[in-house]
Amino acid sequence: MNSIQRVLSNQAKMPGEAPPIWFMRQAGRYHQHYQKLRAQYSFLELCRQPELAAEVAMGPIEDFDFDAAILFSDILFPLDAWGLGLHFSEAKGPQFERSLNSLEDIKNVPPVFDCLPKLEFQKKALQITRQRLHPDKGLLGFVGGPFTLFSYAVGGRHEGSFVGVKQKMAMLSPFLERLLPLIKENIRLQIEGGADCVMVFESSVGELDFINYDKEIAPFLEELARSFPKKLGFYARGAHPQYFNRLGFMSGQNTNWAGMGVDHRYPLSQLLKTKSPFFVQGNFDQNLLFLPTGEFRQYLKSWISEIYESCLGQAPANWICGLGHGVLPKTPESHVREFVLAVREFFGKGA
């Protein structure tokens, strides 16, 4: 059982064991390994060809020795399977050729089992990655959160402002009704492909008011967790703690979630000093990897020390160490490497 699996199963750490480490977007544009592949293939080719996706996923494992590989893919492929026409622009990022503009558009999306063959490449990519991974490494899958996918589906791309998206909130409930079976099957494919855990990434839900979250998004998420008990993690960028509480985190309620991921605005040390039956993932500010080396080292040491001291001089048993969001383009590779080494050295020595 690898370190990620032990955290997922809520087993105690071995003496002197450092927390497992993985970064969101650890296989990405900052990394020379990815850049060399990207010079030969488009982003969509890297995602859709399982051998290439596995090669991208393995790059940061072989270079930085992270404790888990992550499926190299994108959260938007389920919407592409609906026929929205996903493409990527270097300048503007992901965009769709068409968006869902009416209830009739939602009604006419393809049924789920017509879409599944278009997502099979993710399962195959995970299978190949798992074959290449050493047994002491974990394997993670992911899907997009419901409000994030809604924002892209009705907006066509991420505009920054949510004014247009929120003018279409009457479409949210029927959209989620059609989305739920597709995301369930997407998760099932990834688990069958060998994922130890599938993260649900909600990068936009922090922009949503709590009334709509409580009425529409939370029930969707709870249904996912009930369908795959202790196999899913929930990450919410910029979300108030109440968004997590609604799902049973920190409230003492029994939850089907395996764990939660938080961004750098969340008080991580407070979460970790309370024993809980779920993992906590995060949350070093990814922007601080750009600090001058001396300042970066000083801040990283302070961040690690605060967690250590808040947990009474030990590595939290339920912590998966990482960033508050994804690794940014042009992040210094040397600082990524130093982050991993510093965390392991500090907690491995116990001080």
Practice task
Report yes if the distance between the aromatic ring centroids of F175 and W82 is under 6.0 Å, otherwise no.
Solution key: yes

Problem - Approximate separation, where rounding is to 0.5 Å, of E306 CD and K301 NZ - result: 15.0 Å

Handout entry: F234/F244 aromatic ring centres below 6.0 Å
Key = yes

Handout entry: Step-by-step side-chain contact (heavy atoms from CB on, under 4.5 Å) determination, F284 to L268
Key = CA-CA 9 Å; F284 188 84; L268 182 67; over 6 Å; no

Handout entry: Aromatic plane relationship, F201 with F142 - under 30° parallel, 30 to 60° tilted, over 60° perpendicular
Key = tilted

Handout entry: Sub-4.5 Å side-chain heavy-atom contact between D263 and Y235
Key = yes

Handout entry: Heavy-atom check, side chain of M24 versus side chain of Q286, under 4.5 Å
Key = no

Exercise for the section: Verify the neighbour count for atom CZ of R178: are there more than 12 heavy atoms of other residues, nucleotides or ligands below 6.0 Å? Expected result: yes

Handout entry: ILVMFWY cluster, F249 and F228 together (side-chain gap under 4.5 Å)
Key = yes

Exercise for the section: Mind telling me whether F64 and Y30 have parallel, tilted or perpendicular rings, with 30° and 60° as the class edges? Expected result: parallel

Handout entry: Whether N318 side chain and F278 backbone form a donor-acceptor pair below 3.5 Å
Key = yes

Exercise for the section: Could you tell me whether K166 and E207 have a side-chain N and a carboxylate O separated by less than 4.0 Å? Expected result: no

Practice task
Please answer whether the main-chain N or O of E104 pairs with a side-chain N or O of N108 as donor and acceptor at a distance below 3.5 Å.
Solution key: yes

Completion exercise
Output for pair (Q32 CD, L37 CG), nearest 0.5 Å, gives 12.0 Å

Fill in the blank from the handout: Nearest heavy-atom contact between F279 and C197 is CE2-SG, 4.1 Å

Exercise for the section: Could you tell me whether K124 and E120 have a side-chain N and a carboxylate O separated by less than 4.0 Å? Expected result: no

Practice task
Consider only side-chain heavy atoms of I, L, V, M, F, W and Y, link residues closer than 4.5 Å, and tell whether L328 and L300 are in one cluster.
Solution key: no

Practice task
State, without any angle test, whether E223 and S227 hold a side-chain donor-acceptor pair at a distance under 3.5 Å.
Solution key: yes

Exercise for the section: Would you kindly confirm whether I128 and I191 end up in one hydrophobic cluster when ILVMFWY residues are joined by side chain heavy atoms under 4.5 Å apart? Expected result: no

Exercise for the section: Identify the heavy atoms of R130 and D196 that sit nearest to each other, and give their distance. Expected result: NH1-OD2, 4.0 Å

Exercise for the section: Under the side-chain hydrogen bond (donor to acceptor under 3.5 Å, both in side chains) rule, what do E55 and H33 come out as? Steps first, then yes or no, please. Expected result: CA-CA 9 Å; E55 177 61 28; H33 175 266; 2.8 Å; yes

Exercise for the section: Kindly indicate whether the side chain of L224, heavy atoms from C-beta on, has any atom under 4.5 Å from the side chain of L232. Expected result: yes

Exercise for the section: Please examine the side chains of F77 and N186, heavy atoms only from C-beta on, and report whether any two atoms are closer than 4.5 Å. Expected result: no

Problem - Side-chain heavy-atom pair M169, L208 within 4.5 angstrom cut-off - result: yes

Problem - Ion pair D65/K137, N-O distance below 4.0 Å - result: yes

Practice task
Fit a plane to each ring of W303 and F339, take the angle between them on a 0 to 90° scale, and name the class: parallel (under 30°), tilted (30 to 60°) or perpendicular (over 60°).
Solution key: tilted

Exercise for the section: Please indicate whether E177 has more than 12 foreign heavy atoms, meaning atoms of other residues, nucleotides or ligands, lying under 6.0 Å from its CD. Expected result: no

Problem - Separation between CZ of R132 and CG of L139, rounded to the nearest 0.5 Å - result: 12.5 Å

Practice task
Would you check if L116 and R188 make a side-chain contact, meaning some heavy-atom pair closer than 4.5 Å?
Solution key: yes

Exercise for the section: State, to 0.1 Å, how close A125 and A53 come at their nearest heavy-atom pair, and which atoms those are. Expected result: CB-CB, 3.8 Å

Handout entry: Note, I217 side chain near L176 side chain (heavy atom, < 4.5 Å)
Key = yes

Problem - Lys/Arg N to Asp/Glu carboxylate O, R337 vs D63, below 4.0 Å - result: yes

Exercise for the section: Can you run down the ring-ring contact (aromatic ring centres under 6.0 Å, His included) pairs that involve residues 36-58, sequence neighbours left out, and say none if there aren't any? Expected result: F43-F72, F43-F88

Handout entry: Salt-bridge present (R38, E45; N to O < 4.0 Å)
Key = no

Exercise for the section: Enter the distance from H264:NE2 to D285:CG here, rounded to the nearest 0.5 Å. Expected result: 4.0 Å

Fill in the blank from the handout: Output for pair (S302 OG, I307 CD1), nearest 0.5 Å, gives 11.5 Å

Practice task
Check the hydrophobic clustering (I, L, V, M, F, W, Y; side-chain heavy atoms under 4.5 Å; chains of links allowed) and say if I106 and F113 are grouped together.
Solution key: yes

Exercise for the section: Output yes when a side-chain donor or acceptor of T255 lies under 3.5 Å from a complementary backbone atom of W257, and no otherwise. Expected result: yes

Problem - Test salt bridge (Lys or Arg N to Asp or Glu O under 4.0 Å) applied to R297 and E338, step by step - result: CA-CA 8 Å; R297 289 172 177 167; E338 190 161 341; 2.3 Å; yes

Handout entry: For L179 against P146, the heavy-atom pair lying closest together
Key = CD2-CA, 4.1 Å

Problem - Sidechain-backbone polar pair: Q26 side chain, V327 backbone, donor-acceptor under 3.5 Å - result: no

Handout entry: Within one Ile-Leu-Val-Met-Phe-Trp-Tyr cluster: L149 and L103, side-chain cutoff 4.5 Å
Key = yes

Practice task
If the plane angle is over 60° it's perpendicular, under 30° parallel, otherwise tilted; pick one for F162 and F147.
Solution key: parallel

Practice task
Considering non-hydrogen atoms only, spot the tightest contact between I304 and V343 and give its length.
Solution key: CD1-CG2, 3.8 Å

Exercise for the section: Starting at OH of Y213, measure out to CG of L221 and round the result to the nearest 0.5 Å. Expected result: 5.5 Å

Practice task
State, to 0.1 Å, how close C115 and A81 come at their nearest heavy-atom pair, and which atoms those are.
Solution key: SG-O, 3.5 Å

Practice task
Evaluate side-chain contact (heavy atoms from CB on, under 4.5 Å) for V109 paired with L100, printing each intermediate quantity in order.
Solution key: CA-CA 9 Å; V109 299; L100 301 178; 4.1 Å; yes

Handout entry: Of L182, V112, L84, the residue whose pairing with P78 passes side-chain contact (heavy atoms from CB on, under 4.5 Å)
Key = L182

Handout entry: Cationic N near anionic O, under 4.0 Å, R48 to D80
Key = yes

Exercise for the section: Establish, from distance only, whether the side-chain atoms of N256 and K231 form a donor-acceptor pair under 3.5 Å. Expected result: no

Problem - Side-chain donor/acceptor of Q5 to backbone N/O of N2, under 3.5 Å - result: yes

Exercise for the section: Indicate yes or no: at least one non-hydrogen side-chain atom of H335 is less than 4.5 angstrom from one of F290. Expected result: no

